**Student:** 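This is the structure, below, for whatever I ask next.
Protein chains get the first letters and strands the later ones, always in sequence-line order, with residue 1 at the start of each. Quantities reported herein were computed from a predicted structural model and do not represent experimental measurements.
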2 protein chains.
Amino acid sequence: MPVEQRAAGVQSVQRALDILEVAEAAGGGCSISAMAAATGLPLPTIHRLVQTLTARGYLRQLPDRRYCLGSRLVPLGAGANALLGERAAPVLRELADGLGESANLAVLAGERAEYVAQAPGVYSMRTFTEVGRRVPLYCTGVGKALLSALGDDEARAILRRSTLSTHTATTIVELDALLDELAAIRARGYAFDEGEMEVGVRCVAMPVSVPGMAPMALSVSGPAVRMSDDLTGRAAPALVRACAALATALT
Amino acid sequence: MPVEQRAAGVQSVQRALDILEVAEAAGGGCSISAMAAATGLPLPTIHRLVQTLTARGYLRQLPDRRYCLGSRLVPLGAGANALLGERAAPVLRELADGLGESANLAVLAGERAEYVAQAPGVYSMRTFTEVGRRVPLYCTGVGKALLSALGDDEARAILRRSTLSTHTATTIVELDALLDELAAIRARGYAFDEGEMEVGVRCVAMPVSVPGMAPMALSVSGPAVRMSDDLTGRAAPALVRACAALATALT
DNA sequence: TGCCAGCTTCCATCATGCGGAAAAAGAAAT
DNA sequence: ATTTCTTTTTCCGCATGATGGAAGCTGGCA
């Protein structure tokens with residue numbers, strides 16, 4: 001028995017999940033010995049677990065004998081996404097009704113933000129976000145909120161890998177400027193999008209962090225003509241309450 | 001020990017995966033006893049495994065004590081998707097170069113088709129599909145190909161739940177007509193999209209079935225003015241070859 | 001309040017997963 | 001072609017960790 005008491009649970013399942021997560025972190029592919037190094041487990045143990053996961057399609061063996069995430073995870077991920085949206089719907093609706101503008105929920109999917117739920121605002125001219133749509137992180141409210149919730153190092157690494165292209169006159173494309181922006185968001189608690197992705201769209205976004213869950217962000221967005229400073233001022237406390245409600249609904 | 005020898009592997013991991021898949025199939029939420037019934041395992045065993053999966057975010061416990069898929073699956077699903085696309089890229093490129101028109105790969109994600117890889121055609125006017133975009137099943141080439149690969153019952157159930165809205169003059173919106181179409185696709189081996197989603201876009205799509213993987217579909221699409229009967233005729237055997245190549249590349 | 005169904009905890013049992021060691025299969029160097 | 005080294009795979013006896021029957025608990029319902 002190890003000197004310290006690890007988190008309770010079924011040992012081999014814990015280890016299998018560790019392996020999945022190592023494979024995820026590795027991205028391109030991961031050898032059995034690399035997994036052993038990453039998890040601290042002996043090779044035969046890894047091998048046995050990997051066999052099981054591969055047989056079920058949760059891992060895939062590449063021609064060079066390394067392993068990567070398997071496609072059986074795709075429908076599971078999609079299912080989890082759909083459920084998230086379902087649970088969040090009432091919270092979003094209340095937020096949208098209270099402020100009059102569309103409310104959106106996004107999760108971090110890979111290196112983009114994916115909208116998983118949306119409640120339309122009350123006006124006929126409003127922003128419309130398609131559930132399932134993925135948008136860049138650096139030039140959207142939810143994206144910047146998600147980045148701010150990650151560590152500074154991780155955010156920097158993602159931004160380095162991204163192509164920072166100019167969508168509008170206000171898009172921030174300098175790495176340093178973006179990092180400053182993230183620091184400001186962390187200090188303030190929420191992010192603005194001043195038409196950085198699409199001209200005339202203003203957005204207030206807040207990171208939602210629920211322990212043990214993928215990072216999420218909640219936002220309210222609408223035409224800049226209606227998204228006055230007054231409205232964004234009222235949006236902030238409403239978002240705080242909605243985040244708390246979400247945390248409760250999803251826990 | 002059960003009378004018959006089940007597939008080899010680590011028992012508790014197998015059971016944990018069974019539970020995830022039961023939760024996926026249940027969709028909305030699944031009680032512990034329902035899982036026990038579905039898997040044939042005793043309650044305490046299920047309970048212990050579910051605890052472990054919940055602690056890691058792979059399941060979530062709802063307020064009514066039932067369980068559903070957890071959000072830790074979202075990034076894993078996204079990662080698996082990205083890898084799929086990476087492996088498929090060379091096959092798509094060859095297909096696109098051979099025919100001159102854009103080649104696309106989509107997987108079944110929930111009840112929509114999600115593009116996971118794309119290779120652009122050689123002409124400046126061509127269809128452009130964004131990787132990560134999700135499109136309806138009933139009015140797209142890849143979607144219909146995916147539906148045809150599912151059972152008739154499953155396809156019917158999905159179509160019933162979908163809103164069949166008219167995108168263009170050729171969109172098929174009657175359930176019976178769609179089921180006939182699926183039967184024709186199964187007989188022919190591939191699907192056509194005659195501008196059903198977007199006017200002037202013609203597409204040939206073929207289901208790709210790799211054992212133990214989520215259903216996928218491969219398509220070639222381009223402007224109707226270039227997608228002559230002659231070209232679609234040549235596309236069919238090219239798709240067959242590409243499907244075989246994909247199956248090899250992904251196995 | 002009392003009943004009942006479903007969930008959770010307990011714990012003795014032993015089947016199951018464990019991991020050291022050695023064989024096998026590749027990869028790299030000679 | 002042969003050797004050497006690395007990495008993966010198989011083997012197997014041991015004891016750890018998972019198992020599931022039974023008992024206790026909780027929350028919903030009448």
Side-chain angles (χ1 to χ4, degrees), chain A residues 1-23 25-56 58-70 212 248-249 251, chain B residues 1-23 25-26 28-56 58-70 251:
Chain A
M1 196 192 306
V3 285
E4 73 173 311
Q5 186 70 5
R6 281 251 156 222
V10 178
Q11 188 188 64
S12 34
V13 174
Q14 297 271 17
R15 290 171 167 186
L17 299 181
D18 286 341
I19 288 175
L20 283 181
E21 289 171 13
V22 166
C30 191
S31 71
I32 277 199
S33 36
M35 290 176 183
T39 58
L41 295 171
L43 272 168
T45 302
I46 300 279
H47 183 257
R48 190 156 12 87
L49 293 167
V50 162
Q51 293 274 55
T52 306
L53 290 169
T54 305
R56 297 285 297 249
Y58 288 74
L59 286 180
R60 161 183 328 295
Q61 184 163 28
L62 304 173
D64 61 359
R65 298 183 157 208
R66 296 187 309 157
Y67 294 83
C68 67
L69 296 180
T248 316
T251 305
Chain B
M1 195 192 306
V3 285
E4 72 172 312
Q5 186 72 2
R6 283 249 155 225
V10 178
Q11 188 187 64
S12 37
V13 174
Q14 296 271 15
R15 290 172 168 185
L17 299 181
D18 286 341
I19 288 174
L20 282 181
E21 289 172 13
V22 166
C30 191
S31 71
I32 279 200
S33 37
M35 290 174 182
T39 58
L41 295 172
L43 270 168
T45 303
I46 298 281
H47 182 255
R48 190 156 14 86
L49 293 166
V50 162
Q51 293 274 56
T52 306
L53 290 169
T54 305
R56 297 286 295 251
Y58 287 74
L59 286 180
R60 160 182 329 296
Q61 183 162 30
L62 305 173
D64 61 0
R65 299 182 159 208
R66 296 187 309 156
Y67 293 84
C68 66
L69 296 180
T251 305

**Student:** At their closest point, which heavy atom of A:Leu62 faces which heavy atom of A:Gly29, and how far apart are they?
**Tutor:**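 Closest pair (atom of A:Leu62, atom of A:Gly29, distance): CD1-CA, 4.2 Å.
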**Student:** Just call it for A:Leu43: base, sugar-phosphate, or nothing, with non-hydrogen atoms closer than 4.0 Å on any strand.
**Tutor:**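 The answer is base, as A:Leu43 lies within the cut-off (heavy atoms under 4.0 Å) of a base atom.
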**Student:** Counting side-chain heavy atoms from C-beta on, which of D:dT8, C:dG6, C:dG19 comes nearest to A:Ser33?
**Tutor:**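 Shortest atom-to-atom distance from the side chain points to D:dT8.
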**Student:** Which pair of non-hydrogen atoms, one from B:Tyr67 and one from B:Thr54, has the smallest distance, and what is that distance?
**Tutor:**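 Nearest pair, atom of B:Tyr67 first, then B:Thr54: CE2-OG1, 3.4 Å.
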**Student:** Below 4.0 angstrom from OP1 or OP2 of D:dA18, is there any side-chain N or O of B:Ser12?
**Tutor:**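 Result: no.
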**Student:** Name the residue from A:Leu59, A:Leu69, A:Leu17 that meets the side-chain contact (heavy atoms from CB on, under 4.5 Å) definition with A:Leu53.
**Tutor:**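 Going through the options one by one, the only one that passes is A:Leu59.
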**Student:** Expressed in angstrom and rounded to an integer, what is the separation of A:Leu59 atom CG from D:dT8 atom P?
**Tutor:**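 Atom CG in A:Leu59 sits about 14 Å away from atom P in D:dT8.
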**Student:** Stepwise, does the side-chain contact (heavy atoms from CB on, under 4.5 Å) test hold for A:Glu21 with A:Thr39?
**Tutor:** CA-CA 10 Å; A:Glu21 289 171 13; A:Thr39 58; over 6 Å; no
**Student:** At under 4.0 Å between heavy atoms, what does A:Arg66 touch on the DNA or RNA strands: base, sugar-phosphate, or nothing?
**Tutor:**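 It contacts nothing in the nucleic acid.
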**Student:** Looking at the side chain of B:Ile32, which of C:dC7, C:dG19, D:dA22 is the nearest nucleotide?
**Tutor:**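 When the side chain of B:Ile32 is considered, C:dC7 is the closest of C:dC7, C:dG19, D:dA22.
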**Student:** Of A:Ala34 and B:Leu41, whose nearest nucleotide on DNA chain D comes first from the 5' end?
**Tutor:**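 Nearest-nucleotide comparison on DNA chain D picks A:Ala34.
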**Student:** Minimum heavy-atom separation for A:Ser12 and B:Val10, please, with both atom names.
**Tutor:**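 Minimum heavy-atom contact is CB-CG1, 3.9 Å.
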**Student:** Under 4.0 Å from OP1 or OP2 of C:dG19: is there any side-chain N or O of A:Thr45 that close?
**Tutor:**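 Yes, A:Thr45 has a side-chain N/O under 4.0 Å of OP1/OP2 on C:dG19.
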**Student:** Record whether the side chain of A:Arg48 comes under 3.5 Å of the base of C:dG19 through a donor-acceptor pair of N or O atoms.
**Tutor:**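 Looking at the base of C:dG19, it does pair with a donor or acceptor on the side chain of A:Arg48 (distance under 3.5 Å).
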**Student:** Can you pull every protein N or O that's under 3.5 Å from an N or O on nucleotides 23-26 of chain C?
**Tutor:**
residue : atom : partner : partner atom : Å
C:dA25  : O3'  : A:Arg65 : NH2          : 3.4
C:dG26  : OP1  : A:Arg65 : NH2          : 3.2

**Student:** Give the rounded distance in Å between these two atoms: CD of B:Gln51 and P of C:dT8.
**Tutor:**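 Spelled out: CD on B:Gln51 to P on C:dT8 is 7 Å.
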**Student:** Looking only at side-chain atoms of B:Arg15, point me to the closest of D:dT7, D:dT19, D:dT10.
**Tutor:**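 In terms of side-chain proximity for B:Arg15, the closest of D:dT7, D:dT19, D:dT10 is D:dT19.
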**Student:** Just how far, in rounded Å, is C1' of C:dG19 from CE of A:Met35?
**Tutor:**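 A:Met35 atom CE is separated from C:dG19 atom C1' by 18 Å.
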**Student:** Run A:Arg56 and B:Asp18 through side-chain contact (heavy atoms from CB on, under 4.5 Å) and show every step you take.
**Tutor:** CA-CA 10 Å; A:Arg56 297 285 297 249; B:Asp18 286 341; 2.8 Å; yes
**Student:** Quick check on C:dC7: is either OP1 or OP2 less than 4.0 Å from any side-chain nitrogen or oxygen of B:His47?
**Tutor:**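 Checking C:dC7 against B:His47, no side-chain N or O comes under 4.0 Å of OP1 or OP2.
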**Student:** Can you tell me how far CG of A:Leu41 sits from CD1 of A:Ile46, rounded to the nearest 0.5 angstrom?
**Tutor:**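 If we round to the nearest 0.5 Å, A:Ile46:CD1 and A:Leu41:CG are 4.5 Å apart.
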**Student:** Atom CG of B:Leu49 and atom C1' of C:dG17: how far apart are they, to the nearest Å?
**Tutor:**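 Checked: the CG to C1' distance equals 14 Å.
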**Student:** Separation of B:Gln14 atom CD from D:dT19 atom P, in whole Å?
**Tutor:**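 Taking atom P of D:dT19 as the reference, CD of B:Gln14 is at 12 Å.
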**Student:** Using a 4.0 Å heavy-atom cut-off, does B:Pro42 contact any base of the nucleic acid, only the sugar-phosphate backbone, or nothing at all?
**Tutor:**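 It contacts sugar-phosphate atoms only.
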**Student:** Which residue lies toward the 5' end of DNA chain D, A:Ser31 or A:Gln11, if each is placed at its nearest nucleotide?
**Tutor:**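 In this pair, the answer is A:Ser31.
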